[in-house]
Amino acid sequence: MSLMEIKCPMCKGQLWIDPSNGKVVDHRSVDHQKADFDRFMKERKEAAGQWDDRMKKAKEEEARRKAELEEKFKAAREDPDSLDGDVPTIQWD
């Protein structure tokens with residue numbers, strides 16, 4: 001009797017099947033690495049830190065753009081003739 005050896009689709013272990021009746025004769029599962037809670041928490045903190053850095057940079061960029069726009073608006077309000085001429089005009093139908 002020759003057994004068929006295949007990879008288990010569920011656990012990725014090894015299955016030995018008897019081809020004459022189609023029954024599983026033996027099953028050897030793969031040793032899966034257990035999750036490490038401390039490593040998981042460390043990765044979560046690092047991910048949160050990266051998220052915080054991105055948010056901080058985005059807020060700084062937004063504040064910089066806001067200040068720049070306010071400065072341009074103030075300059076345009078004080079001297080409307082100093083505009084470059086590429087000011088959009090509104091056309092009413």
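Each residue takes its place number in the sequence, starting with 1.
The 12-atom threshold is not exceeded at CD of Glu62, counting heavy atoms of other residues, nucleotides or ligands nearer than 6.0 Å.
Hydrophobic clustering, defined by side-chain heavy atoms of Ile, Leu, Val, Met, Phe, Trp and Tyr closer than 4.5 Å, groups Met41 together with Phe37, Phe40.
Partners of Asp36 according to the side-chain contact (heavy atoms from CB on, under 4.5 Å) rule, which considers only residues two or more places apart in sequence or in another chain, are Asp38, Arg39. Scanning for side-chain contact (heavy atoms from CB on, under 4.5 Å) contacts around Glu78 gives Lys74, with sequence neighbours left out.
From Lys66, atom NZ reaches atom NZ of Lys59 across 13.0 Å, with rounding to the nearest 0.5 Å. Rounding to the nearest 0.5 Å gives a distance of 7.0 Å between CD of Glu46 and CD of Glu43.
Put simply, the side chain of Val25 does not reach to within 4.5 Å of the side chain of Ile17, judged on heavy atoms.
Hydrophobic cluster membership differs between Val24 and Leu3, with clusters built from Ile, Leu, Val, Met, Phe, Trp and Tyr side chains linked at under 4.5 angstrom.
What you find for His27 and Leu15 is that their closest heavy atoms are CD2-CD2, 3.0 Å. Of all heavy-atom pairs between Gln14 and Glu5, the closest is OE1-OE2, 2.9 Å.
Between Arg64 and Glu68 there is a salt bridge, since at least one side-chain N of the basic residue sits less than 4.0 Å from a carboxylate O of the acidic one.
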